[in-house]
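I have placed the structure first, in the form of structure tokens, so that the comments after it can refer back to it.
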Protein chains: 2
Amino acid sequence: MASDGSKPSPELLEEFSQFFRLLSEPARLQLLCELKQGPQDVAALIGATGFSQSHISRQLSQLQRAGLVCCERDGVRAIWRTDDDVVEDLCNLVQNHFMQRLEQQLKQLQAVP
Amino acid sequence: MASDGSKPSPELLEEFSQFFRLLSEPARLQLLCELKQGPQDVAALIGATGFSQSHISRQLSQLQRAGLVCCERDGVRAIWRTDDDVVEDLCNLVQNHFMQRLEQQLKQLQAVP
DNA sequence: GTCGTTTATGCGCTTACAGTCATAAGGGTG
DNA sequence: CACCCTTATGACTGTAAGCGCATAAACGAC
């Protein structure tokens with residue numbers, strides 16, 4: 001990383017890993033995907049994912065701490081939304097990595113006999 | 001994600017999360033950073049990180065399965081290397097996210113009084 | 001005020017995995 | 001062959017965190 005040959009500090013490394021840990025849980029990724037469709041309250045997310053209310057609430061607050069989602073309150077209702085494209089960009093990069101890896105494996109198989 | 005409004009399949013979501021899980025451990029990120037400096041064997045990585053030999057070996061094989069590192073054997077010695085820039089690109093995106101977030105917070109604080 | 005609804009949180013269970021130690025496996029050297 | 005060096009792996013422990021249940025807190029409707 002850092003492309004200039006320098007190594008990132010342990011603190012930065014820790015922050016990176018914490019951020020990636022957020023995305024290492026399918027449940028949280030799924031919630032982010034659902035919110036990409038548009039702002040929703042927890043009830044709608046329960047319907048879309050099947051997770052328990054408490055679970056969803058917890059995961060959303062984790063994502064909120066990282067600035068990946070935010071909510072505006074309508075009385076007691078909380079409407080959650082995501083206005084950040086980082087996760088989408090990250091996933092696209094990873095997907096490209098998957099594809100390049102598969103193409104490479106395919107080539108190696110084709111090259112033998 | 002998918003930017004066309006469609007939601008990725010549960011299987012793809014699972015693969016994404018597994019990949020991010022790899023990066024959710026500071027030890028693995030650090031190993032990747034060390035290998036960015038140039039190919040090394042396990043002994044050199046022990047010296048650079050202070051981790052135990054078995055720990056390093058395990059983490060490297062996890063990274064290898066994901067195609068993030070590979071090793072060429074020199075007799076019994078294993079020289080590990082990373083020739084993929086995905087992780088670096090991912091970290092740069094995340095770092096931009098951090099910076100934008102901090103700038104936004106700064107603006108909000110400046111706007112108040 | 002009471003009641004119903006929506007979200008947040010304390011508690012407990014359970015699973016996953018980082019990390020260590022000891023050991024095995026594979027290769028070099030005499 | 002025996003001996004040493006390097007890496008991989010089985011067994012184990014401790015801890016972090018997902019997940020649900022029950023409950024509390026906050027707000028609106030009556």
Separation of C:dT7 atom C1' from A:Asp41 atom CG, nearest Å, is 10 Å
Which of D:dC19, D:dA8, C:dT6 is nearest the side chain of A:Arg77? It is C:dT6
Out of D:dT7, C:dT9, C:dC17, minimum distance to the side chain of B:Arg21 belongs to C:dC17
I'd like to know if the side chain of B:Gln40 reaches the main chain of B:Glu34, judged simply by a donor and an acceptor atom lying under 3.5 Å from each other, with no hydrogens or angles considered.
yes
A:Ile56 CD1 to C:dT9 P, in whole Å, measures 16 Å
Heavy atoms only, 4.0 Å cut-off, all strands: where does B:Glu25 land among base, sugar-phosphate and nothing? sugar-phosphate
Rounded to whole Å, the CD1-C1' distance (A:Ile46 to D:dC19) equals 14 Å
Regarding the side chain of A:Val76, the nearest nucleotide among D:dA17, C:dA22, D:dC27 is D:dC27
From NE2 of B:His55 across to P of C:dT20 the rounded distance in Å is 7 Å
Atom CH2 of B:Trp80 and atom P of D:dT7 are separated, to the nearest Å, by 10 Å
Among the nucleotides D:dA26, D:dG18, C:dA18, whichever has the atom closest to the side chain of A:Gln59 is D:dG18
Between CZ of B:Arg65 and C1' of D:dT9 the distance, given in whole Å, is 12 Å
Would you say a side-chain N or O of B:Arg28 is under 4.0 Å from OP1 or OP2 of C:dA18? yes
Looking only at D:dC21, C:dA8, D:dC19, the nucleotide nearest the A:Ser54 side chain is D:dC21
**Prompt:** If you look at every strand shown and take non-hydrogen atoms under 4.0 Å, does B:Gln64 touch a base, only sugar-phosphate, or nothing?
**Reply:** nothing
Requested in this report: Answer with yes or no whether the hydrophobic clustering places B:Ile79 together with B:Ile46; edges join I, L, V, M, F, W, Y residues whose side-chain heavy atoms lie under 4.5 Å apart.
Outcome: no
Rounded to whole Å, CD of B:Gln53 lies from C1' of C:dT23 at a distance of 11 Å
Counting distance only, does the side-chain N/O of B:Arg21 pair as donor-acceptor with the main-chain N or O of A:Ser24 below 3.5 Å? yes
Angle class for the A:Phe20/A:Phe16 ring planes (parallel below 30°, perpendicular above 60°, tilted otherwise)? tilted
**Prompt:** Is it true that B:Lys36 and B:Asp85 have a side-chain N and a carboxylate O under 4.0 angstrom from each other?
**Reply:** yes
Query raised in the report: Do any side-chain nitrogens or oxygens of B:Gln62 fall under 4.0 Å of OP1 or OP2 in C:dA18?
Result: yes
With a non-hydrogen cut-off below 4.0 angstrom, is A:Arg58 in contact with a base, only sugar-phosphate, or nothing?
base
Here the distance between atom P of D:dA8 and atom CD1 of B:Ile79, to the nearest Å, is 11 Å
